[in-house]
There are 2 protein chains.
Amino acid sequence: MRPKNLEKEEAIRTIALQIIAEEGLENLTMQKLAKAANISPRTIYIKYDNKEDLLVKLFIEEVLSAYEQAVLKDFQFDMDFSEGIKKLWLNGFAYFKNNRHAFVLMQYGKSSPLLNKAYQQKSIKQGDFFGPIMRFLEHHVVAGTIRNFHHDIQRALLFSPLIDLMSEYFDYQERPEQIITEETLLQCCDAVIKGMLK
Amino acid sequence: MRPKNLEKEEAIRTIALQIIAEEGLENLTMQKLAKAANISPRTIYIKYDNKEDLLVKLFIEEVLSAYEQAVLKDFQFDMDFSEGIKKLWLNGFAYFKNNRHAFVLMQYGKSSPLLNKAYQQKSIKQGDFFGPIMRFLEHHVVAGTIRNFHHDIQRALLFSPLIDLMSEYFDYQERPEQIITEETLLQCCDAVIKGMLK
DNA sequence: TATTTGTAAGTAAATAATCATTTACTTACT
DNA sequence: AGTAAGTAAATGATTATTTACTTACAAATA
């Protein structure tokens, strides 16, 4: 039996992300993808049921899971609040800086109904958002360090500025000077932390 | 000469926004739109050059401009910082609560390259983001009330949580209980303000 | 006042391109 | 030698946009 060529599988994913980042999700077609990956359209259908299946797997496996893993690196739920949030911010920043394509698809997750559905299902399955972060926040609510908000609200307050600053980072990459550095990011992080403390 | 039927023009815009909100931008087709609006596809092309022109005008005129107008209602640049930010948050909340369709297209503006380009062009043209808000922030930087960040950074810190909470509001509308009320929103706004104060 | 007329608005149906997916076949490995 | 992986080319549906025609009205004419 002829064995699977794993390089082709990876090429499909990498080039799909690339097309989405450069031309938009609405301009990704199976035939364009096949051509760019130097394979036959049929090959994509050996690895994925259909376009929807490809997109959902791309979103969940290449974007959400990879981001989760990167952001939780060296993070423990019993860290000091300020230290923990800074760790999460810097991990997220480092990850997306090197994975702009994943960042773009993640942004599509907020608008495209298809990806949104996939996101909500994953969130529900794994007990809302990133387990260790939830435990970390609960711990600090109980300890009285921070305000007691619903965790969906906490996520919005603590991490949506990071995502927005990430967008700015990429925008400013095409301009003469970059305003989002690790230093300014940490100042922003300080502001967000200060707002959450009791 | 036969006069333009303005109702048809409005139907095109309203129903386009509706389809985008319910089925996604990627599922809006000219023929589907024409059918839903009870007109001929040709009629759309009398009012818009092509699909791109329609989408960009929809985004700029029905979403960005309408949002800007709504958010600046009763806002003056010389307001007290906390009072001003709360006004902007509550205006934004009230607007999007009643304009979910516009909110969805606004979110697409962050991912779709087409809309993103349109957004940046508009931003540049009108001197970055919403004039009175910039003056307001500059005033408070000079007065020493708040930290001195680049205005793109200030926007991320002050308003991205609101947009994220808006998303949560719509998510929770389909669940048993709503966690985003005007009360919780104001508490969040307080946290954001506290983080920005010197 | 009543009727004609010029013209942009509007329609139904066609067009050509492009799409996701499949068919019929070939290849490469166990 | 058997079989899943892979290919090139086709299929039928759907797409944005256009063609060829009709309609409705304001202004000009009688």
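Sequence lines set the chain letters: A, B, ... in the order given, protein chains first and strands last, and positions in each chain run from 1.
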Using atom [atom1] of [X] as one end and atom [atom2] of [N] as the other, report the distance to the nearest whole Å.
X	N	atom1	atom2	result
Ile39(A)	dA4(D)	CD1	C1'	16 Å
Lys51(A)	dT15(D)	NZ	P	12 Å
Glu9(A)	dG6(D)	CD	C1'	14 Å
Glu26(A)	dA20(C)	CD	P	13 Å
Asn27(B)	dA16(D)	CG	P	11 Å
Leu54(A)	dT21(C)	CG	P	10 Å
Tyr48(B)	dA9(C)	OH	P	14 Å
Gln31(B)	dA16(C)	CD	P	15 Å

* To do: Using a heavy-atom cut-off of under 4.0 Å over every strand shown, decide if Ile44(A) touches base, sugar-phosphate, or nothing.
  =>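 Here Ile44(A) touches no strand at all.
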* To do: Mind checking Leu33(B) for me? I need base, sugar-phosphate or nothing, with any heavy atom below 4.0 Å counting as a touch.
  =>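 No contact.
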* Please state whether the phosphate of dT14(D), meaning OP1 or OP2, lies under 4.0 angstrom from any side-chain nitrogen or oxygen of Thr29(B). =>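 Negative; the distance criterion is not met.
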* To do: Report yes if at least one side-chain N or O of Lys8(A) is closer than 4.0 Å to OP1 or OP2 of dT7(D); otherwise report no.
  =>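 Checking dT7(D) against Lys8(A), a side-chain N or O does come within under 4.0 Å of OP1 or OP2.
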* To do: Check whether Leu186(B) and Leu157(B) end up in the same hydrophobic cluster, where Ile, Leu, Val, Met, Phe, Trp and Tyr are linked by side-chain heavy atoms less than 4.5 Å apart.
  =>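 Leu186(B) clusters together with Leu157(B).
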* Toward the 5' end of DNA chain D, which comes first, Pro41(A) or Ile46(A), by nearest nucleotide? ->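 Looking at the nearest nucleotide for each, Ile46(A) comes out on the 5' side.
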Taking the minimum atom-to-atom distance to the side chain of [X], which one of [options] wins?
X	options	value
Arg42(A)	dT17(D), dT21(C), dT7(D)	dT7(D)
Tyr45(B)	dT17(D), dG10(C), dA20(C)	dT17(D)
Thr43(B)	dA10(D), dG10(C), dT17(D)	dG10(C)
Lys47(A)	dG6(D), dT11(C), dT7(D)	dG6(D)

* Check for a donor-acceptor pair, side chain of His139(A) on one end and backbone N or O of Phe81(A) on the other, with a separation under 3.5 Å. =>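 Here the side-chain-to-backbone pair does not exist.
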* For the residue pair His151(A) and Phe130(A), is the inter-centroid distance of their aromatic rings smaller than 6.0 Å? ->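 Ring-ring flag for His151(A)/Phe130(A): false, centres at least 6.0 Å apart.
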* Asked: Starting at the 5' end of DNA chain C, which residue's closest nucleotide do you reach first, Leu6(B) or Met30(A)?
  ->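 Taking each residue's closest nucleotide, the earlier one in sequence belongs to Leu6(B).
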* Asked: Hey, is CD on Glu182(B) packed in by over 12 heavy atoms from elsewhere, all under 6.0 Å?
  ->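 No, CD of Glu182(B) has 12 or fewer neighbouring heavy atoms, counting only those of other groups under 6.0 Å.
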* Asked: Do the charged groups of Glu22(A) and Lys32(A) touch, with an N to O distance under 4.0 Å?
  ->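 Salt bridge between Glu22(A) and Lys32(A), a charged N being under 4.0 Å from a carboxylate O: no.
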